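The structure appears right after this line, and notes come after that.
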Amino acid sequence: QVQLVESGGGLVQPGGSLRLSCAASGISFSSNVVGWYRQAPGKQREWIARINSDGITNYADSVKGRFTISRDNAKNTVYLQMDSLKPEDTAVYYCRAGNFYWGRGTQVTVSS
């Protein structure tokens with residue numbers, strides 16, 4: 001059974017940083033595309049970053065230069081380092097592996 005568990009969310013002031021983690025069981029992150037998505041209240045879920053099996057990364061324009069996705073194959077975990085956070089980054093953040101598997105999300109709130 002595949003399970004993805006996000007962690008690391010919380011409340012942070014504008015300009016601050018957080019690192020999200022997505023730990024997997026039942027699926028190998030090193031063999032799959034893993035993406036981070038987010039959904040703000042009243043908005044559709046949007047893609048923000050992905051890393052493929054070769055380690056190639058891509059970012060949405062809204063987070064490019066501020067967020068960094070990375071992978072630890074030994075821990076079967078993908079991270080999202082989020083710097084220079086803005087209030088508009090407030091959302092529930094989800095990880096996705098392949099085309100089918102989603103975590104349950106972690107809340108990120110950016111507010112003073």
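Bear in mind the structure is a predicted one, so any value in this text is a computation, not a measurement. Throughout, numbering of the chain's residues begins at 1 and tracks the sequence.
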Would you say the side-chain atoms of Arg96 pair up with the backbone N or O of Gly98, donor to acceptor, closer than 3.5 Å? yes

Closest heavy-atom contact between Cys22 and Phe29? O-CE1, 3.2 Å

Decide yes or no on side-chain contact (heavy atoms from CB on, under 4.5 Å) for Ser21 and Ser7, but give the supporting numbers first. CA-CA 5 Å; Ser21 300; Ser7 61; 3.7 Å; yes

Would Arg104 and Tyr94 count as a cation-pi pair here, with the cationic atom under 6.0 angstrom from the ring centre and within 45° of the axis? no

On the six-membered ring of Tyr93, is Arg38 placed so that its NZ or CZ lies under 6.0 angstrom from the centre and within 45° of the ring axis? no

For Gly9 versus Val108, what's the shortest heavy-atom pair and its separation? CA-CG2, 4.1 Å

Please report the interatomic distance CD(Glu46) to OG(Ser62), rounded to the nearest 0.5 Å. 5.0 Å

Do the side chains of Lys86 and Asp89 get close enough for a salt bridge, i.e. N-O under 4.0 angstrom? no

Give a yes or no on whether Val33 and Ile51 share a hydrophobic cluster (residues Ile, Leu, Val, Met, Phe, Trp, Tyr; joining criterion: side-chain heavy atoms under 4.5 Å apart). no

Where Ser17 and Ser84 come nearest, the two heavy atoms and their spacing: OG-N, 4.4 Å

Leu80 reachable from Val12 in the ILVMFWY side-chain graph, under 4.5 Å edges: yes

Within the 6.0 Å centroid threshold, strictly below: Tyr37 and Trp102: yes

Lys43 and Gln39: which non-hydrogen atoms are nearest, and at how many Å? O-NE2, 3.1 Å

Same apolar cluster: Tyr79 and Ile56, side chain cutoff 4.5 Å: no

Taking Asn76 for its side chain and Ile27 for its backbone only, find out whether a donor-acceptor pair lies under 3.5 Å. yes

Could you go through Thr109 and Ser111, starting from their C-alpha distance and side-chain angles, then the distance that decides it, and tell me whether this counts as side chain to side chain donor-acceptor pair (under 3.5 Å)? CA-CA 6 Å; Thr109 302; Ser111 175; over 6 Å; no

Looking only at atom types and distance, does a side-chain atom of Asn32 sit under 3.5 Å from a main-chain N or O of Ala97, one as donor and one as acceptor? no

Using a 6.0 Å cut-off, check whether atom OH of Tyr101 has over 12 heavy atoms from anything other than its own residue. no

Using a 3.5 Å distance criterion without hydrogens, assess whether the side chain of Gln13 forms a donor-acceptor pair with backbone atoms of Val110. no

Apply side chain to side chain donor-acceptor pair (under 3.5 Å) to residues Asn52 and Arg50 and explain how you reach the verdict. CA-CA 7 Å; Asn52 71 9; Arg50 73 167 64 91; over 6 Å; no

May I have the step-by-step check of side chain to side chain donor-acceptor pair (under 3.5 Å) for Asn73 and Ser30, ending in yes or no? CA-CA 6 Å; Asn73 292 336; Ser30 63; 4.5 Å; no

Counting only heavy atoms not in Glu88, do more than 12 sit closer than 6.0 Å to its CD atom? yes

Grouping I, L, V, M, F, W and Y whenever their side-chain heavy atoms are under 4.5 Å apart, do Leu18 and Trp36 come out in a common cluster? yes

Starting from Val2, can I reach Val78 by hopping between I/L/V/M/F/W/Y residues whose side chains sit under 4.5 Å apart? yes

Interatomic spacing from OG1 in Thr68 to CG in Asp83 - rounded to 0.5 Å: 6.5 Å

Tell me the closest heavy-atom pair linking Leu20 and Met82, and the distance in Å. CG-CE, 3.7 Å

Start with the C-alpha gap between Ile48 and Tyr59, add the side-chain angles, then the distance that decides, and say whether side-chain contact (heavy atoms from CB on, under 4.5 Å) holds. CA-CA 6 Å; Ile48 56 172; Tyr59 300 91; over 6 Å; no

